[in-house]
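Notes follow the structure.
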Amino acid sequence: MSSRTSCAVQELDPALEPLLIQQIINIGGQPSIRLGDSTIPYNDAFRLYITTKLRNPHYAPELQVKVTLLNFTTTPAGLEDQMLGIAVAKEMPETEAKRTELLVQNARMSAQLKAIEDQILKMLSEAKGDILDDEALINTLAASKKTSAEIQERVKESELVEREIDDSRRAYTAVAVRASILYFCIADLAIIDPMYQYSLQWFVSLFLNAIQRAPASADVPQRLINLNAYFTRSLYENVCRSLFEAHKTLFSFLLTVRIMQGETTEVDSLEWRHLVAGGSAVSSSGAAQLFNPAPEWLPVNSWNEVTALSGQLPAFKGFAEDFALPENLTIFRAYFDSVRPHKADLPAKWQILLSPMQQLLVLRCLRPDKMVEAIQEFVTARMGREFIESPTFDIHYPYQASDARTPLIFILSRGADPAQDVFAFASKMGFRDKLVSISLGQGQGQLAQRHMEEAMRTGGWVLLQNCHLAVSWLPALEKLCEDIKPEEVSPAFRLWLTSAPTDKFPVSILQNGIKITTEPPKGLRANLLRSYTGYTDQFLSASKKPAEFKKLLYALSFFHAVLLDRRKFGALGWNIPYEFTGRLLPLYVYTLQIRLLTCIRFHAS
């Protein structure tokens, strides 16, 4: 049963109120309760369990006193143990099976010991007269002592074997730790956008896929390196497909820092907090009393940040005083005026003392406008360049990862129209005639439901566009998705959804679905890659002048990439504001083909 949101407070259906406050009445000697317009018999053995998929629900105090709240949220330690079991079960199935068998055996022996103790206590309590004369009791005690000694011996042996098994399992702890870190990293993305929801079930399936596909090695340490590298990259690619361009660098940085926090001691918690939230200019340190040493070029806010840095973080003690030294002011002025300050050197002392993460703090004080570039350089140095280059959009990959129970959700952005991609892909896969597209709005819910039920039987595809415009019908859509049973639905059935970001979208659909964004990527290289992903060898060679066409197509694609990348400057440089989008490229290419064909005919005549 899901809860609904009202003013950021979750409320339950008012019809449940009699159950929550136990409004039980006696009718003809029969305990009864009134639910809505009906009065039904009540059994004392009845229990009501309510679950929610909301990551951090807030219930009013008057509701909390009526129920017992249980927190089933996964903890880092619990998830680490779970992922360790999964990894060992796949990598060393015999070891994991033996461990499971030992756990069952130990539990059985413990229960047997408890039964013996209970039997002895029962016989002692029922004994009459002198217990030394009770031959049956004495024989039972002797047999119990012998059995107990045998069980305890077996327990000791099994504990020894279990320790050996645990030692071998412990080799895979690094993989479990990395998996736990990565899960809680993506779990926090929902704070950025309500559409960024990922289920543990999806995460585990991705982890299992990584174990199967990671490069094999007989050397266990090398195998662990391969597993961590492959899974981290796989998770990054899958999550990036569902993130907006504005959030991808943030995710890369968060991923890098979380791994450093979990596996090294390079990230100080105070410094990390200061980098994210900034510091106060007021400090107990004498640095706060220093005056701006260079007001002609150093802004007051920057100097306040420097004094806060020096006064609040131990690693920067004395930084403000050194900053004000005449010989250092020249270096800091060059740093401040540099086109690439994140590449410039600090004074020799601080260049040696500060780590790359700490140097980001200095950059944040003096040149916050260059933080994005600096973060990209930091991620590249730590994780590799592939972690700042998001994968190019290809609808085939999410389709391969989906099934009849997994909706494919396009998160809409300005100028994006994924419907054309779905239509083109359906034609390629031979499903164009079986694809039904419905633009949701008032009164379209029942029609969408009928088409979904029909497609489930026949193996068709359904595209429901603009789900954010049918918020009132989304609970019904959630129920339809939850009721899908693999044995009753055609495996060819697919549900495609498009929606703008909204906190009303059902969490269960988001967590179980595959989310996709179709924004133009950032950078010339990424835009060119995306453009050329849509070109096939057959298309490139179809022209009567293939050599000329390929050259002109490259020039056109490059110019188009420049236009898309310039969108970050708005209308600057144009006579009128115009929204260039990736949807225009096919039109440009078609025009190029027509012009080239016209030129060929003209010269031929």
Side-chain angles (χ1 to χ4, degrees), residues 185 188-189 191-193 196 236 239-240 243-261 266-281 292 294 297-313 315-316 319-320 323 331-347 350-351 353-390 519 521-526 565-570 572:
C185 180
D188 289 340
L189 292 177
I191 301 173
I192 301 174
D193 192 288
Y196 298 162
Y236 172 76
V239 172
C240 266
L243 301 182
F244 292 119
E245 288 294 325
H247 301 146
K248 290 180 180 179
T249 300
L250 175 61
F251 173 60
S252 298
F253 186 50
L254 181 63
L255 193 72
T256 304
V257 173
R258 286 292 180 87
I259 291 174
M260 293 173 65
Q261 288 176 325
E266 298 178 43
V267 180
D268 181 79
S269 58
L270 289 177
E271 293 173 358
W272 170 241
R273 183 177 181 83
H274 195 105
L275 181 66
V276 173
S280 172
N292 188 343
W297 61 266
L298 184 63
V300 174
N301 289 341
S302 295
W303 178 245
N304 289 339
E305 290 285 352
V306 169
T307 56
L309 201 66
S310 181
Q312 297 173 6
L313 300 179
F316 289 88
F319 181 75
F323 189 104
I331 300 175
F332 279 114
R333 175 65 185 271
Y335 182 94
F336 184 83
D337 293 337
S338 175
V339 177
R340 306 189 71 191
H342 55 286
K343 291 287 189 178
D345 289 337
L346 298 170
W350 295 101
Q351 187 69 28
L353 287 178
L354 299 181
S355 66
M357 174 67 79
Q358 292 168 336
Q359 291 182 22
L360 287 178
L361 286 164
V362 177
L363 183 70
R364 186 187 186 280
C365 295
L366 301 178
R367 290 292 301 275
D369 58 305
K370 291 294 182 179
M371 280 299 292
V372 173
E373 294 180 35
I375 286 173
Q376 289 176 340
E377 293 285 347
F378 179 82
V379 173
T380 300
R382 189 76 196 187
M383 302 286 290
R385 186 167 183 79
E386 64 270 19
F387 282 89
I388 62 168
E389 296 178 348
S390 56
E519 279 187 308
K522 289 184 178 180
L524 294 178
R525 182 172 181 269
D565 208 42
R566 279 190 58 85
R567 295 198 312 168
K568 60 189 176 185
F569 300 114
L572 187 64

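- F316 meets the ring-ring contact (aromatic ring centres under 6.0 Å, His included) test with F319; sequence neighbours excluded.
- Here L270 contributes atom CG and Q312 contributes atom CD; the two are 9.5 Å apart, rounded to the nearest 0.5 Å.
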Pair L243-L189, side-chain contact (heavy atoms from CB on, under 4.5 Å): steps then yes or no: CA-CA 9 Å; L243 301 182; L189 292 177; 4.2 Å; yes
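- Across every non-hydrogen atom of D337 and R333, the tightest pair is OD2-NE, 2.7 Å.
- Residues forming a side chain to side chain donor-acceptor pair (under 3.5 Å) with N301 (at least two apart in sequence, or on another chain): none.
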Audit row: L275, M357, side-chain contact (heavy atoms from CB on, under 4.5 Å) steps and yes/no: CA-CA 9 Å; L275 181 66; M357 174 67 79; 3.8 Å; yes
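- Counting only distance, with no hydrogens or angles, the side chain of S338 and the backbone of A334 share no donor-acceptor pair below 3.5 Å.
- At least one donor-acceptor pair closer than 3.5 Å links the side chain of N292 to the backbone N or O of L298.
- Of the possible polar contacts, none joining the S310 side chain to the V306 backbone as a donor-acceptor pair under 3.5 Å is found.
- Between the SG atom of C240 and the CD1 atom of I388 there is a distance of 11.0 Å, given to the nearest 0.5 Å.
- Listed here is the closest heavy atom pair of I259 and M383: CD1-CE, 3.7 Å.
- The minimum heavy-atom distance linking L361 with E271 is given by the pair CD2-O, 3.8 Å.
- The minimum heavy-atom distance between F332 and L366, with the atom names listed, is CD2-CD1, 3.9 Å.
- Minimum interatomic distance between R364 and A277 (heavy atoms only, all atoms of both residues): NH2-C, 3.9 Å.
- Note that CG of D268 and NE2 of H274 are 11.5 Å apart. Values are rounded to the nearest 0.5 Å.
- With values rounded to the nearest 0.5 angstrom, W297 atom CH2 is found 8.5 Å from S302 atom OG.
- In this structure H247 satisfies the ring-ring contact (aromatic ring centres under 6.0 Å, His included) test together with Y196, sequence neighbours excluded.
- In this structure, the separation between CD on Q351 and CD1 on I331 is 10.0 Å, given to the nearest 0.5 Å.
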Stepwise side-chain contact (heavy atoms from CB on, under 4.5 Å) test for W350 and F323: CA-CA 10 Å; W350 295 101; F323 189 104; over 6 Å; no
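- Nearest heavy-atom pair across Q359 and L354 is NE2-O, 3.3 Å.
- Note on residues 247-256: pairs passing salt bridge (Lys or Arg N to Asp or Glu O under 4.0 Å), not counting sequence neighbours, are E245-K248.
- Screening residues 373-385 for salt bridge (Lys or Arg N to Asp or Glu O under 4.0 Å), with sequence neighbours left out, gives E266-R382, R340-E377, K343-E377, K370-E373, R385-E389.
- Partners of D188 by salt bridge (Lys or Arg N to Asp or Glu O under 4.0 Å), not counting sequence neighbours, listed by chain and number: R55, R258.
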Derivation of the side-chain contact (heavy atoms from CB on, under 4.5 Å) call for F378 and T256: CA-CA 9 Å; F378 179 82; T256 304; 4.0 Å; yes
Chi angles and distances behind the ring pair (Phe, Tyr, Trp, His ring centres under 6.0 Å) call for F253, W272: CA-CA 12 Å; F253 186 50; W272 170 241; 5.7 Å; yes
